[in-house]
Amino acid sequence: MRINKVNYVTREGLEKLKEELTHRKTVLRRQIADRIDRAKELGDLSENAEYAEAKDEQAFNEGRIIELEEMVMTASLITEGERGMVNVGSTIVVESPLGKKEFTITGASEADPLKGLISNESPLGRAFLGRKKDEEVEIKVPAGVVKYKILKIK
């Protein structure tokens, strides 16, 4: 198992990772093993689509288990950082030429840009980290440069 970076997560995010890991190790593993056993009973494995699908699902599940174990092992809970400064876990209100937006800086495993949850590893997230209220941040995007002004840090 390779451990290569810290995985910033909220307490809730860590619980979700642990729940998925437990579900995959117990329930899903057993279900897949049962599918494989049933498919073996159908005869010739070389032409058995059900067997091939179950083996593929098993490989995916085992890969995801390894990924989840690494994420849990490298998890670092997001705590309240320095007041008035953008940190992982901060929710910020920014204004740009496109209007006002609210973002929460999360670890990569919890990022969901469509919901305003941006990774601390993304260009946008990295640009906001360590900044303070009323600071302007310039972000390079494919269409040019977008300026954001930090209006509020929660």
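As the structure is a prediction and not an experimental result, all values here were calculated from the model.
- Between the CD1 atom of I32 and the CG atom of D56 there is a distance of 10.5 Å, given to the nearest 0.5 Å.
- Between the side chain of S122 and the backbone N or O of I118, no donor-acceptor pair lies under 3.5 Å.
- Under the 4.5 Å side-chain criterion, counting only non-hydrogen atoms from C-beta, K18 is in contact with V72.
- Panel note: side chain E135, backbone K132; a donor-acceptor pair is recorded below 3.5 Å.
- Taking NZ of K16 as the reference point, atom CD of E19 lies at 8.5 Å (rounded to 0.5 Å).
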For residues 89-102, which side-chain donor-acceptor pairs fall under 3.5 Å, sequence neighbours excluded?
residue	atom	partner	partner atom	Å
S90	OG	N87	N	2.9
S90	OG	N87	O	3.1
T91	OG1	T104	OG1	2.9
S96	OG	L98	N	3.1
E102	OE1	K154	NZ	3.0

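- Linking Ile, Leu, Val, Met, Phe, Trp and Tyr whenever their side-chain heavy atoms come within less than 4.5 Å leaves L117 and I150 in two separate clusters.
- In this structure, the side chains of Q31 and E57 stay at 4.5 Å or more apart for every pair of heavy atoms.
- Within the 4.5 Å cutoff, no side-chain heavy atoms of I153 are placed close to those of M85.
- Residues D134 and K149 share a closest heavy-atom pair of O-CE, 3.8 Å.
- Summarising the geometry of G107 relative to V88, their closest heavy-atom pair is N-CG1, 4.2 Å, with the distance given to 0.1 Å.
- Between E20 and R24, at least one side-chain nitrogen of the basic residue sits less than 4.0 Å from a carboxylate oxygen of the acidic one, meeting the salt-bridge criterion.
- Listed here is the closest heavy atom pair of I105 and G125: CD1-CA, 4.3 Å.
- A distance of 7.0 Å separates CD of E50 from CZ of R38, quoted to the nearest 0.5 Å.
- Look at E67 and R64 and you find a salt bridge, because one of the NZ, NE, NH1 or NH2 atoms lies within 4.0 Å of a carboxylate O, short of that distance.
- Counting heavy atoms from C-beta on, the side chains of M73 and E70 never come closer than 4.5 Å.
- Remark: the backbone N or O of E121 is paired with a side-chain donor or acceptor of R126 at under 3.5 angstrom.
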message = For a side chain to side chain contact (heavy atoms under 4.5 Å, CB included) check, start with the C-alpha distance between Y148 and E136, then their side-chain angles and the critical distance, and finish with the verdict.
response = CA-CA 6 Å; Y148 290 91; E136 287 193 2; over 6 Å; no
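- Heavy-atom minimum distance, V9 versus E110: CA-OE1, 3.1 Å.
- Considering NE2 of H23 and CD1 of I65, their distance stands at 10.0 Å, rounded to 0.5 Å.
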request  = Kindly determine whether Q58 and R29 satisfy side chain to side chain contact (heavy atoms under 4.5 Å, CB included), including the steps that lead there.
outcome  = CA-CA 7 Å; Q58 181 183 43; R29 255 188 191 159; over 6 Å; no
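- In summary, D34 and R30 engage in a salt bridge, as defined by a charged side-chain N under 4.0 Å from a carboxylate O.
- Scanning all heavy atoms of the two residues, the minimum distance from I139 to A127 falls at CD1-CB, 2.9 Å.
- Counting all heavy atoms, side chain and backbone alike, A54 lies closest to I36 at CB-CG1, 3.6 Å.
- Two residues are said to be in side-chain contact when any heavy atoms from C-beta on lie closer than 4.5 Å; I66 and E62 fail this criterion.
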inquiry  = One pair to check against side chain to side chain contact (heavy atoms under 4.5 Å, CB included): L21 and E69. What are the steps and the verdict?
reply    = CA-CA 7 Å; L21 179 59; E69 285 174 337; 3.8 Å; yes
